[in-house]
Structure formats: C-alpha cells, structure tokens
Asker: 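Submitted below is the structure of interest, expressed as structure tokens.
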Amino acid sequence: MYSNENYLLDLLIEAQAIGSETVESYRVDISPLDSLLDTLIEKKLLNAEYVAQVAAVNSALEYIDLTQINIEPNILATVKPELARRVRFMPIGDDSYSLQVAIFDPFAMETLDSLPQFLGRDVSFFVASEAGLSAAIEKYYPEAKATVGANGESPIIEIIDNMFNEAHGMRASDIHIEPMEDRVRLRYRIDGRLIEAANHPKKLLSSMVARLKVMSSTMSIAEKRVPQDGRIELDLKNGGHIDLRVSTVPSNHGESVVMRILDKSALSLGLPQLGFLSDDEATFDQLVTLPDGVILVTGPTGSGKTTTLYACLNHINRPDKKIITAEDPVEYELPGINQVMIRADIGMTFAAALRAMLRQAPNIIMIGEIRDSETAGIAIQAAMTGHLVLSTLHTNDAPSSVARLADMGVDRFLIASSVRAIMAQRLCRKLCSCKQDGYLTPKQAESLGIDISRSVKVPHGCDICEGKGAKGRMGIFEIFQITDDTRGLINSNLTSAQLRKKARELGMRTLREDGIRKVLAGVCAAEEVIRVTTGDAH
C-alpha cells in the first residue's frame with residue numbers, strides 16, 4: 001500500500017492510465033482497510049509496472065524491473081533478510097559511494113529518511129513495482145518468511161517478539177506504534193531521534209494492541225475509549241531482559257501505543273558516566289553530599305533528568321542515610337531506598353506523600369517532579385528543617401527556575417535561603433571511537449565561537465556505530481550555584497533574563513559553553529552541540 005495513494009491515483013488519472021469515474025466507482029465500495037490502488041491492479045484496470053513507472057517519474061527516481069536483473073550474493077549479504085522483508089526493500093547494487101536499493105513506494109519519506117540509518121551508510125533509491133519487489137524478496141530471501149513462528153506462534157506474536165528484540169538490540173529508548181489512515185507505523189527512538197522501523201497493514205492494529213495489553217496484565221482489552229497505562233517485563237529470545245512502561249491513547253485512527261524501555265543500567269551510573277567534566281563533577285559531588293537544602297535538575301522532557309537523579313541517589317546511598325523517594329511512577333527499584341508511588345486517584349499526591357515521608361525521619365528526599373505550589377512549599381520547608389531534597393522542574397535553563405518557583409507562590413527569600421543549586425541539562429550524542437581529526441565548517445565555527453583553524457574531532461562512521469559516527473549520549477550541564485552573591489540577586493526581584501546575565505558574570509557556565517568544552521575535548525560533535533543548545537546561543 002502506498003503511503004500517499006490518493007496522490008498517485010491523481011497522477012495516474014492525469015496520465016490517462018485510468019478514468020476518474022472508474023476510480024470513484026470503486027472508491028465507494030472499498031473497505032477502509034483495503035488499498036484502492038491494489039484493487040484496481042487486481043481487477044486489471046491498472047498495470048502494476050506502469051504504476052511504478054509513474055511513481056518513479058514523479059519522485060525523480062529511476063524505475064527498475066527486478067525481473068530483468070540478477071542480484072549478486074555479496075550485495076544480498078549487506079542486508080539482513082528480516083529487515084528487507086519488514087521495511088520492504090531489496091538491495092540491488094553497490095557503487096562504493098552508496099548502497100543501491102529498490103523500493104515500491106517513493107512517497108514514504110520516513111522510509112527514505114530512516115533506511116540509511118538502519119543500514120549505516122548512504123543509500124540510492126530505485127523504484128520497482130510492488131509485485132516485482134515482493135517476488136524478489138521471496139526469491140532472494142526465502143528463509144525470512146514472516147508467517148508463523150518457529151514454535152507455531154501466530155504472526156502477531158512473532159511481530160511483537162521481533163519488535164522487542166530489534167528495539168533492544170538497537171538500544172532504543174522508546175517504541176512507538178502509531179495508527180495512520182492506511183497503515184500502522186512502527187518507530188524507535190534511538191539516541192533521542194525517532195526512526196521508522198516498519199509499516200504494517202492497518203488491519204493488524206487491534207491484534208497488536210490487544211497482544212500488548214495481555215502482556216501487561218493490568219490493561220483492559222475491551223476498553224479502547226480512554227488512555228491506559230501498564231508495564232511489561234519479559235526475557236528476550238536473544239538472551240536479554242526488557243522492562244517497559246506502556247501507554248495507550250485513543251486517536252482518530254485507532255489506539256496509539258508508546259512503550260518506554262526502562263534501562264536498568266541507569267541504576268549503576270556514577271557521576272562521571274553522566275558526562276561531567278572533572279571540575280563540574282567535583283562541584284556536583286560537593287552539592288549532593290550537603291546535609292540539607294534543595295537541589296533541582298531542570299530541562300525539557302527527555303533531557304535525562306530522572307537518570308541524573310537516580311545517579312545521585314546511587315552515589316549518596318549509604319547505610320547511615322535514610323532515603324525516601326516519591327515517584328510517578330516508580331520506574332526502577334533501588335536497593336536500600338524507600339520508594340513511594342504517587343497515586344493521585346486515591347489522594348496520594350506528591351504533596352500528600354511528602355508530608356507522610358517527613359514523618360519517617362529521612363535524611364534525603366527525592367521528589368520526581370515539583371508540579372504545584374503545595375509540593376514546592378513543603379519541599380522548601382523540608383530543606384529548611386535539615387533535609388536534603390532532590391527534585392526536577394520543567395524549565396529551559398537554570399536561573400529561570402527561580403521565577404518558576406516564585407510563580408508557584410514560594411517567597412523569593414525562602415528560595416534564596418533553601419535552594420543550594422539548580423542544574424539545567426540536555427543530552428548530546430557522543431562521538432564514536434572511530435572519530436577522526438578534522439575542522440569545523442565556517443558556520444559551526446561562527447556559531448560556537450571556535451577558531452576555524454583549530455583541529456577538532458569529527459564523526460567518521462564504523463561498524464560499531466553503524467556508520468552514524470555517534471553512539472550513546474552524555475549530558476551537557478549548566479550549574480547555577482546559590483551563593484551569598486546570588487542570594488542577593490534572587491531577593492532583588494530580577495527578571496529571569498537579568499538573573500541569568502548576572503549569574504554568568506559571576507561565573508556560571510551555560511549549556512552551550514559546556515557543550516563547546518566537550519567539542520574541544522573531542523567527546524561531542526559540533527553540530528550536535530549546536531542542535532541541542534539552539535535556544536542557548538546568547
């Protein structure tokens with residue numbers, strides 16, 4: 001099924017390959033789950049090869065008849081059979097600059113964008129008919145038939161199992177199953193970027209969602225009208241273990257599913273693994289070992305705030321310290337730490353949990369997020385009565401968190417006297433070990449303020465990083481320490497912009513400035529730092 005079938009039908013009508021009346025007469029009776037174009041081809045009202053040629057011409061790609069070529073074994077070996085079947089493409093040649101592949105839908109832009117990432121190299125696309133492509137896949141990759149599993153499993157079980165194994169193998173942090181008008185799109189988030197992994201027939205959506213709900217055990221298969229949440233834990237066929245947080249939301253084309261893969265390696269992270277350079281690591285180590293006060297980690301969703309909090313708890317968890325957390329939800333079980341799950345539906349809000357936690361005489365409290373004035377007020381009071389409080393806020397930079405707390409109704413005097421530090425962070429892809437010496441482009445040099453003649457490390461690409469030049473992520477940080485000098489600034493009702501300017505004058509290093517240090521240290525690429533600090537250029 002073409003991703004933009006109506007557009008292609010319009011092109012075929014314009015080319016006088018079929019009449020508009022014929023198309024409309026069949027459109028009336030066609031099921032929403034079926035392809036009108038496929039039906040017209042089956043009825044021999046359209047020629048499949050001509051359809052492919054029209055698609056090729058109108059996408060500025062070259063048409064190829066797969067029945068007229070012989071694909072060499074070394075070319076076939078460059079692609080896993082399962083990937084070719086799932087994404088629906090066929091490798092046909094290699095000109096040393098790029099792998100040449102045949103597809104049937106040149107309008108599927110996400111496939112065109114994501115396939116080079118899957119293959120780890122540049123790709124040149126050709127257009128073949130859908131029938132020709134299917135025949136070629138059956139001929140050259142017969143061992144990868146996606147029917148029934150080796151143990152007699154149903155196709156849906158096989159699809160879901162393969163999805164989990166592939167996502168785990170590709171180090172994905174999220175799995176997105178998205179119902180579109182004519183298909184089900186599967187995407188993975190890898191190192192912060194979404195890439196398309198597969199497209200499935202729309203008729204499989206309900207079975208796929210039902211299978212995931214059964215696996216979660218706490219979600220209702222019958223209920224499709226309201227959002228649901230669940231959790232899945234399973235052992236994978238490749239020997240790994242996967243733990244997922246599942247969320248379903250009804251959309252106009254069916255239930256959308258997002259699964260967050262919970263990476264338990266975060267439990268063993270120390271401060272160096274977060275990405276601190278030595279001076280910032282020493283500063284933050286000193287902050288998280290203070291006996292009292294509030295330490296806030298800020299940034300947008302997906303910036304790694306929770307991972308940083310877990311690393312802090314792992315770093316300061318000692319037998320002589322009582323630590324209690326309030327989380328929504330509890331993502332990981334931390335040994336030796338008392339964890340409270342927020343349940344707003346029964347009155348267990350952050351504020352209610354925090355009040356109860358204080359009666360447990362803890363040394364350290366971690367609050368998943370400060371969302372309202374009541375929680376903010378109790379956190380401030382806890383800090384002022386001898387507790388160390390760790391939490392997060394949704395603000396773009398560190399100094400603006402002061403205004404955010406003030407907007408929640410916290411007196412600026414209390415903020416100045418109880419908050420010890422605010423740290424903003426972003427996640428930046430790390431250069432792979434295959435990095436090589438090179439130079440910035442004029443635009444990069446100007447943006448980062450680095451001398452263009454200075455040699456830096458630049459991405460290269462290898463088998464380890466699958467040709468991407470980067471593997472894994474690390475943090476870049478902006479630490480705003482509350483000192484005697486900055487307390488006066490907070491009390492003086494400066495705007496966020498004014499406070500930020502004064503903090504920089506007093507030595508605060510911005511996100512971009514920390515990123516520049518990591519470019520010069522050879523751990524991050526210049527384009528990556530520019531991308532994640534676009535709003536922090538000045």
Side-chain angles (χ1 to χ4, degrees), residues 1-3 35 38 48-49 52 55-56 59 61-150 155-156 158-170 172 175 183-188 190 195-201 204 208 237-238 463 466-468:
M1 183 180 293
Y2 285 84
S3 61
S35 164
D38 287 347
E49 298 301 322
S59 57
L61 296 178
E62 185 177 338
Y63 165 78
I64 187 167
D65 185 349
L66 292 177
T67 65
Q68 300 299 311
I69 65 169
N70 183 51
I71 305 173
E72 298 296 330
N74 64 308
I75 300 299
L76 295 171
T78 62
V79 171
K80 294 180 179 179
E82 296 80 6
L83 181 63
R85 278 189 169 272
R86 184 167 44 74
V87 181
R88 308 279 296 152
F89 74 97
M90 174 58 64
I92 57 175
D94 191 334
D95 63 4
S96 76
Y97 294 103
S98 63
L99 183 67
Q100 298 167 332
V101 306
I103 57 174
F104 81 92
D105 185 1
F107 308 117
M109 300 309 298
E110 287 156 336
T111 299
L112 272 64
D113 289 341
S114 62
L115 196 53
Q117 297 187 56
F118 272 104
L119 297 173
R121 57 177 307 184
D122 290 336
V123 174
S124 298
F125 292 98
F126 293 75
V127 179
S129 70
E130 184 172 12
L133 181 62
S134 296
I137 291 174
E138 292 295 334
K139 174 183 176 181
Y140 292 106
Y141 294 131
E143 72 279 13
K145 290 183 178 178
T147 52
V148 177
I156 292 299
E158 189 76 3
I159 287 171
I160 297 298
D161 286 352
N162 287 341
M163 174 188 73
F164 286 144
N165 278 283
E166 183 174 64
H168 180 263
M170 296 180 72
I175 301 171
R183 61 194 167 107
V184 179
R185 181 173 67 180
L186 174 63
R187 295 196 289 177
Y188 303 144
I190 300 172
I195 65 169
E196 185 169 303
N199 284 288
H200 296 294
L204 296 183
M208 292 174 69
K237 291 179 180 178
N238 61 14
D463 291 341
E466 299 176 333
K468 300 181 182 71

Asker: Any non-hydrogen side-chain atom of Asn162 less than 4.5 Å from a side-chain atom of Glu82?
Answerer: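 Not touching, per the 4.5 Å side-chain cut-off.
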Asker: Provide the closest heavy-atom pair for Val127 versus Ala52 in the form atom of the first, atom of the second, distance.
Answerer: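 That would be CG1-O, 3.6 Å.
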Asker: Roughly how far, to the nearest 0.5 Å, is CE of Met163 from CD1 of Ile175?
Answerer: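 Separation between the atoms: 4.5 Å.
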Asker: Any chance you could measure Leu112, atom CG, to Phe107, atom CZ, to the nearest 0.5 Å?
Answerer: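 The CZ atom of Phe107 is 10.5 Å from CG of Leu112, to the nearest 0.5 Å.
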Asker: Whether Asp94 and Arg121 form a salt bridge (side-chain N of Lys/Arg under 4.0 Å from carboxylate O of Asp/Glu) is what I want to check.
Answerer: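 Counted as a salt bridge, because a side-chain N and a carboxylate O are separated by less than 4.0 Å.
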Asker: Donor-acceptor pairs under 3.5 Å, side chain of residues 65-81 to any protein atom, not counting sequence neighbours: which ones?
Answerer:
from	atom 1	to	atom 2	distance (Å)
Asp65	OD1	Thr67	N	3.1
Asp65	OD1	Thr67	OG1	2.6
Asp65	OD2	Thr67	OG1	3.3
Thr78	OG1	Ile75	O	2.5

Asker: Do Ser129 and Glu49 get their side chains close enough for a donor-acceptor pair, meaning under 3.5 Å?
Answerer: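 Per modelled atom types, Ser129 and Glu49 side chains form a pair under 3.5 Å.
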Asker: Identify the heavy atoms of Pro106 and Ala55 that sit nearest to each other, and give their distance.
Answerer: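 That closest heavy-atom pairing would be CG-O, 3.7 Å.
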Asker: Work out which heavy atom in Leu83 is nearest to a heavy atom in Phe89; give both atom names and the distance.
Answerer: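 That would be O-CE2, 3.7 Å.
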Asker: At their closest point, which heavy atom of Ala84 faces which heavy atom of Tyr141, and how far apart are they?
Answerer: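 In this case the closest contact between Ala84 and Tyr141 is CB-CE1, 3.6 Å.
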Asker: Can you name the closest pair of heavy atoms from Glu196 and Arg187 and give their distance?
Answerer: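 Nearest pair, atom of Glu196 first, then Arg187: CA-CG, 3.8 Å.
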Asker: Using a 4.5 Å cut-off on heavy atoms from C-beta on, say whether the side chain of Arg88 contacts that of Asp105.
Answerer: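 A side-chain contact is absent here, since even the closest heavy-atom pair is not under 4.5 Å.
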Asker: Working to the nearest 0.5 angstrom, can you tell me the gap between Gln100 CD and Phe126 CZ?
Answerer: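 Interatomic distance, Gln100 CD to Phe126 CZ, rounded to 0.5 Å: 4.5 Å.
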Asker: What's the separation between atom CD1 in Ile103 and atom CZ in Phe125, rounded to the nearest 0.5 Å?
Answerer: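 Here the interatomic distance stands at 5.5 Å.
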Asker: First locate atom CE of Met90, then atom OH of Tyr140, and finally report the distance between them rounded to the nearest 0.5 Å.
Answerer: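 Between Met90 CE and Tyr140 OH, I get 7.5 Å after rounding to 0.5 Å.
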Asker: Hey, what do you get for CG (Leu186) to CD1 (Ile160), rounding to the nearest 0.5 Å?
Answerer: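 One finds 8.5 Å between CG of Leu186 and CD1 of Ile160.
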Asker: Which heavy atom of Val184 sits nearest to which heavy atom of Pro201, and what is that distance?
Answerer: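 Result for this residue pair: CG2-O, 3.7 Å.
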